[in-house]
Amino acid sequence: MAPADLHFQVPIAHWGWTIVWFLWFVGIAGMGSVGYFFVRKAALAYVIFGSLVLGLAFVVSHLGRWWNLPRTLWTMVTNGIFNWSSWMLVGIVLLSVHLILSVIVVASHIPWLQRIGWLKWTATLSRANAYLALYAFLGFMATVYSGFLLTQASGIPLWNTSLIPILWVVSGSIAAIAVIELLYVFGVVESSVSTLAVRLGLGLDAIKLLAVLAFLHVALAYGSAGARIGATAMASGEYALMTWGGVIGIGILVPIAIGLYTVLVKKSKPLLAISSIAALAGVFFLRAVVLLAGAWEPLVL
Amino acid sequence: MKPTEQQAISRRKFLIGSAAVAAGVLLADKGWVDAQPFFTPEGVDVEGLERAGYLVRHTICHQCGAGCGLTALVKKDAPPSEENMLIFGNQHPEHPQRGMCGRGATAPYTWNSPLRLRKPLKRVGERGEGSFEEVSWDQALDEIAAKVREIVERDGAKAMAFSTHDYKAEMQLLAWPLGSPNVISQASTCNTAGVVGRRWMMGSGFDHHATIDPDYDNIRYVLFPGRSLNAPIGAVHRLAKAREHGAKVVFLNPAHPDVAFANSDWIPCVPGTDAAFMLGVAHVLVSEEKYDESFVLNQTNLPFLLKADGKPLTQEDLVADGDANVFALMSVDGEIVFHDAAGIQPELTYAGTVTLADGSDAAVTTAWNRLVTHLADYTPGNAAQITGVPAATITRVARDLFIMRGVVEDTWYNTRNGNDTDVIMGLMTVNALLGNLDQVGGLGVRLGSKLPGMIGRASDGTVSLITGDSFLMEHTKTIDKEIYPETNATFDAVFQGILDEQPYPITGLMLVGATIFHRDPNVARAIEAIKKLDLLVTVDIVHQEICDWSDYVLPAEMFLERDHIKGIGWTQGISVALQRKVTDPPAGVDARPDAWIMLEILRRAYPQRAAMVGHYDWMSDVATWKNEWMHPIEELRIEGLANAWNRDPAEVRRELEENGFITFQPKQYGLTPYNRPFASPSGRLEVYAFRPVLRGYREHGFATYFDPPAYTMPRAEDEFFLVNGKSPIGGSGVAGLAFPTQYLVDNRLWLNPADAERLGIAMDDEVEVEGLDTGWKAKVNVNVTPRVIAGTAFVYSYSGGHRQKVVADDPRFAKLSKGLAPHWFSKSWVDPITGSNSNNASVRIRRA
Amino acid sequence: MSTRLRKGQAPTKRMAHVWDASKCIACGACVMACTSTNNPDMMMREEKGWNSIASNIRRIDSVSAQGRPEVLLVQCQHCEDAPCLNTCPFGATYMDDNGMIRLDPRMCSGCSYCVTSCPYNVRWFHPDSKLPKKCMGDTCLELVDKGLQPACVQSCPAGARDYGDLNDPNSSVSVTLRTKRSRRLLENAGTEPKYFVVEGS
Ligand SMILES: Nc1nc2c(c(=O)[nH]1)N[C@H]1C(S)=C(S)[C@@H](COP(=O)(O)OP(=O)(O)OC[C@H]3O[C@@H](n4cnc5c(=O)[nH]c(N)nc54)[C@H](O)[C@@H]3O)O[C@H]1N2
Ligand SMILES: Nc1nc2c(c(=O)[nH]1)N[C@H]1C(S)=C(S)[C@@H](COP(=O)(O)OP(=O)(O)OC[C@H]3O[C@@H](n4cnc5c(=O)[nH]c(N)nc54)[C@H](O)[C@@H]3O)O[C@H]1N2
Ligand code: SF4
Ligand code: SF4
Ligand code: SF4
Ligand code: SF4
Ligand code: SF4
Ligand SMILES: [Mo]
């Protein structure tokens, strides 16, 4: 018998596709910033910046009362009410600061801006390892935050596991690598970087596969009823196709196959393009299934 | 309490702090902030409220038939709207029917429902299609009047039939002057089995379902066979209090009633087997000598002597010129005594021979002896076989009933399986053995309120109005009574009149507040009959399903929009309540009073006959009519009431308006039948019912179990009983169509987990249901729940299967069109004597 | 009027709801009363997410481990350690000095974090204001400010509901909780709920 009190979160809380996009873009931007520390290409900076802007646009558009945001912030500031126990507030601050850092990095890459004398400092700053380390760290934290965001949503037991931040960081890294591979395909990044990235990606894919399976296993085997309902929806229910086909098939197995081929046989730009897009899609699907499968703990006497 | 004390409470502070009384105050919306200062924990300042611009109006809830006391606050000088009225349970601590349920709370949302009828409608499409044009009142009434005239002149007045649940008097205003006796209520689908059963055992005047009721305030143990007790909420409230003091509440029911969630016992039983259960309980009481011997000897007819043919031994049998209505008993001294003598001491177990007036000898035995033999078939073991209730449970119930001095409630709605009269007789047999009548915590017997009606008819056919107008009506026997001698109203007879033209043809039908498709069994047959009618007029407040089949649909005023006086039922004392107009109809609703509609049709058809009931041309204006016709009648009724209780009419009216009710007599215990005999032939509680035996309806007078004749018994693995009853929140013709209720009533088909598993059905799966007798097929989703006994399927009545076009077209009402109407599957079996109909059915269930 | 508590402040009163499962007849009066009192505009509209009437009370039909049919009514538990309060990014959700978890509409941007954070699934979005509604509704707050009982308590014909201060040992709720067996929902979620279910004997 189905539990009497079965509710998935989307129809009620509306954490649906917009939040999926948000989490995806934050993952790309966040771990992309880590990648940027190593691959300091303009295109990558633009991608990070774009992802951040889009991610924030999605999250703001999701707000039921976005039009009330100015008043909200005004009231917060004038009353000195800052709820630092909220991961969302922490996240908002992190993302805002990260956005500012990102603007600086982007500015450092735009030649005509650099011709404006008083903006030269952006380039100077963006060449400093310390600055880029901060930039990478904030990106990493933003990714972690986007995981804790779910972890702290204590109404949805499927999410109440620290595997989510881990999954988010791993998959965010995979997304960042996929972006770097795509940049290689477009000739922006050197072949040697790409080769390294492919190897790194292979490792991360394997970790991600294990992490996804662990996520399901933990929820199914040790989770509460609500967690089991969610994991069942992912593993064998409504979202099984997205989990097995999208997250694992497209998102992990395809990149692993192409990665192995690249490492063992030969490197092919079209294949790497496919692999990267597949990896990015997989990262997207991962966020989607986890979000959509979120359900409340059924209440019974 | 003395009247002055009562008034002191009521004048200023009739609403008492809610925690103390725990009944409904609903304070709605911000607009009520102004009113709130007058609501304090100590009470409510009525005068202050009125000064601040609020009207306080007491009324009687009519969201179901129970008539609980409501109070409304209305903003003066504001347009009528849900927001401008506030409705809550009448808080007067002495109100006999206090409180409001969720259905009552929906009254404003019925009042302004999107389904509310707004204008008279005239059918333009086929019957059932739901295509109408709006017409003026004049056009509708003139055309209906012309058609009525045509029918009366062609087929005779009797060919016009009328049906209603609650507006009988209003319909009689039209039917009787026309010359048609055929105003036939919903009873045979509601209470007929019980009314006849009670009449057979206690006589007329004691047969109504709201007359004999548990003394809820003091109850210790009460068994509810097939009563869900969703209403009246005042009774529920009192029972809740009794429960706090340890009262035990037990439900015998194939399905688990919602009220049983509250710390009650639920005894699941096979549908249609209640009589066997009751006789099993009686068996235990008798065999374990757990009965009230004094009551049995002195207040029941069990010591009466019966002849071998089952008829009672009468004075006529024994002495020349003896009275056939005087019955014989054997006294402990071994002498024959007659029941009307004083101080008789009867022998309970006498058996022997007596010499009759004609000199012959006759074997006689007491009804008690016959009962003992009769009950031999109903050992707990046998009863368990039939009912599906363990023998130990039956024995335990009997013992608990005895030890705790409990009662079996006599039911309200009971026309289900075709063997229901015997259920009532069976449960009254148990009550007779317990002897707990009219005692504290027993079954109370309420007397009438002496409130005069507006129209009445004497046995010679003289119809008179309370105004003094009167006329003679020729044909007074209703069509159902020509077929079913004992019925209180069997609408099925009208279908027979339409379809078979037997005993005579019915060609016109008028419905005032009657749902037909949700009320009467066998929808397919109803459709067939309706198609054959020359005229079908429906007067209602909302667009219910029958409207789509009607030639004319007329919008009526709802209870919130009218004044009326009524007796209060299901209480112990004698009380009368006032229904005060709370509001006008919402903007755009051109509703008229039911009585006015009837009178106007009459006037337009036959002005002289309208004059016989005091209605004239110049009353076609509703406001004038209310002043000149309706108001004087209500005043006369109050006057009659006041006179009957030796009170001043003006004072009675004032008190009614102030408090919403008057209790003329508080509960008096120990009256009936001890000091005031029943109206049965013997004046006693006739466990052995004389009336049906003397009239030749039955071989013997005891309750008996027999398999339900009303439907084919389910036998195969996928065949089920289909039972139904009301949901506490949705599901009445009235409240069921209020928007919010559809979300709180479950309109799935309930199946027991064991059955579901066997048929491979999971929660919320869709199944196909097919009537074993009607062949009707429908799809419905399933609720797999232990709330129904295995082998039986349950659905809340009126909560699904609404097929009118307006509902289908309005996505907001999507839920109402889902689910089932149980009457698609019930075949409409009618008991040939009692005229009781049956709403249960049997169905085949398959995965869709 | 009650005031907003800052972090670390303890409420002076600990107002709590008590629902007596052994008295509840599942009549729905409270569910209906809650909506008509606090959100009358929703009496003709459905709560799409729950596919139900937009009430601050949710009815759950279930079956006990022993197979006994049961009904459960849930509403905001006014948790003493409320996850919704901890997660609300803008501080719109707060506790007042009566110990009630409340919403300041000025500060709410409709992010829904409180909804996903509530283990009891008792918040629903008003389709127009997009505020995450829950018990106590605005009118109920006014009622209790005036010393009256909230609508659900007043409307219950079975006397199955009560509302009062846990800090006052003489309040009716304290007396009930002392004298009757009761439990709280999702006890191990660590939310310290102030909604008590009195159990049957
Ligand atoms: N299957 C099944 N059948 C049943 C029952 C069951 O439980 N199951 N119950 C049976 C019982 S007990 C009964 S009493 C009957 C009830 O069946 P009905 O008598 O048909 O039902 P009511 O609920 O009285 O509603 C009748 C109509 O009156 C309308 N109405 C309300 N107020 C007014 C008014 O002021 N004026 C007018 N003109 N119309 C008004 C309502 O809108 C509604 O359409 O059904 C019986 N049939
Ligand atoms: N919501 C709502 N309440 C109403 C009304 C309404 O229309 N809607 N109408 C009012 C009216 S007119 C009436 S008459 C009363 C009726 O009120 P009740 O007399 O309390 O009857 P119901 O509520 O119809 O419940 C009938 C019960 O009988 C059970 N039942 C069915 N078959 C059998 C059987 O063979 N044996 C036994 N033991 N039980 C069986 C059903 O499962 C159901 O629970 O309700 C009044 N209250
Ligand atoms: S039981 Fe409910 S619907 Fe029926 S009269 Fe009473 S309050 Fe109204
Ligand atoms: S029940 Fe839910 S909404 Fe209410 S305080 Fe607790 S977490 Fe918050
Ligand atoms: S929806 Fe409003 S109350 Fe809820 S967490 Fe977001 S800002 Fe806070
Ligand atoms: S206290 Fe008010 S808002 Fe809360 S559940 Fe009761 S009626 Fe609804
Ligand atoms: S009003 Fe009372 S009895 Fe009715 S459902 Fe609510 S708590 Fe239960
Ligand atoms: Mo009825």
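In this text the structure is predicted, and so the values were computed from the model without any measurement. A, B, ... follow the sequence lines: proteins, then strands. Residue 1 opens every chain.
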Inspect the surroundings of [atom1] in [X] and state if more than 12 heavy atoms from other residues, nucleotides or ligands are less than 6.0 Å away.
X        : atom1 : value
C:Arg184 : CZ    : yes
C:Lys7   : NZ    : yes
B:Glu757 : CD    : no

Go through the steps to decide whether B:Tyr743 and C:Ser55 satisfy the test side chain to side chain contact (heavy atoms under 4.5 Å, CB included), and finish with yes or no. CA-CA 11 Å; B:Tyr743 290 102; C:Ser55 176; over 6 Å; no
For B:Pro257, is it the side chain, the backbone, both, or neither that has a heavy atom closer than 4.5 Å to a heavy atom of chain C?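 Neither part, no heavy atoms under 4.5 Å.
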Select one option (side chain, backbone, both, neither) describing which atoms of B:Asn112 are under 4.5 Å from chain C's heavy atoms.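 For B:Asn112, the backbone is the part near chain C, not the side chain.
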Do B:Thr741 and C:Met32 have side-chain heavy atoms sitting under 4.5 Å apart?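 Yes, at least one pair of side-chain atoms sits under 4.5 Å.
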Partner chain C: residue of B:Arg812, B:Arg238, B:Arg243, B:His256 with the largest heavy-atom pair count (under 4.5 Å):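 Going by pairs under 4.5 Å, I would pick B:His256.
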Atom CE of B:Met100 and atom SG of C:Cys27: how far apart are they, to the nearest 0.5 Å?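 Result: 10.0 Å between the selected atoms.
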Spatial distance of atom CD1 (B:Ile729) from atom CD1 (C:Ile53) [nearest 0.5 Å]: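 One finds 7.5 Å between CD1 of B:Ile729 and CD1 of C:Ile53.
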To check you understand the geometry: which heavy-atom pair defines the closest contact between [X] and [Y], and what is its length?
X        : Y        : answer
B:Ala240 : C:Pro157 : CB-O, 4.4 Å
B:Pro728 : C:Ala26  : CG-O, 3.7 Å
B:Trp266 : C:Pro69  : CZ3-CG, 4.3 Å

Identify which one of B:Leu229, B:Asp258, B:Val259, B:Leu239 satisfies the side chain to side chain contact (heavy atoms under 4.5 Å, CB included) criterion when paired with C:Ile25.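 Testing C:Ile25 for a side chain to side chain contact (heavy atoms under 4.5 Å, CB included) against B:Leu229, B:Asp258, B:Val259, B:Leu239 leaves exactly one candidate, B:Val259.
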C:Asp61 versus chain B, the contacting section by heavy-atom distance below 4.5 Å: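 For C:Asp61, side-chain heavy atoms alone lie under 4.5 Å from chain B.
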Contact origin within C:Arg45 toward chain B - heavy atom pairs under 4.5 Å: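 Looking at C:Arg45, just its backbone touches chain B.
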Show, in sequence, the C-alpha distance, side-chain angles and deciding distance for C:Glu46 and B:Gln742, and conclude whether the side chain to side chain contact (heavy atoms under 4.5 Å, CB included) test is met. CA-CA 10 Å; C:Glu46 78 169 310; B:Gln742 61 182 323; over 6 Å; no
Decide yes or no on side chain to side chain contact (heavy atoms under 4.5 Å, CB included) for C:Met43 and B:Phe739, but give the supporting numbers first. CA-CA 7 Å; C:Met43 283 296 276; B:Phe739 176 84; over 6 Å; no
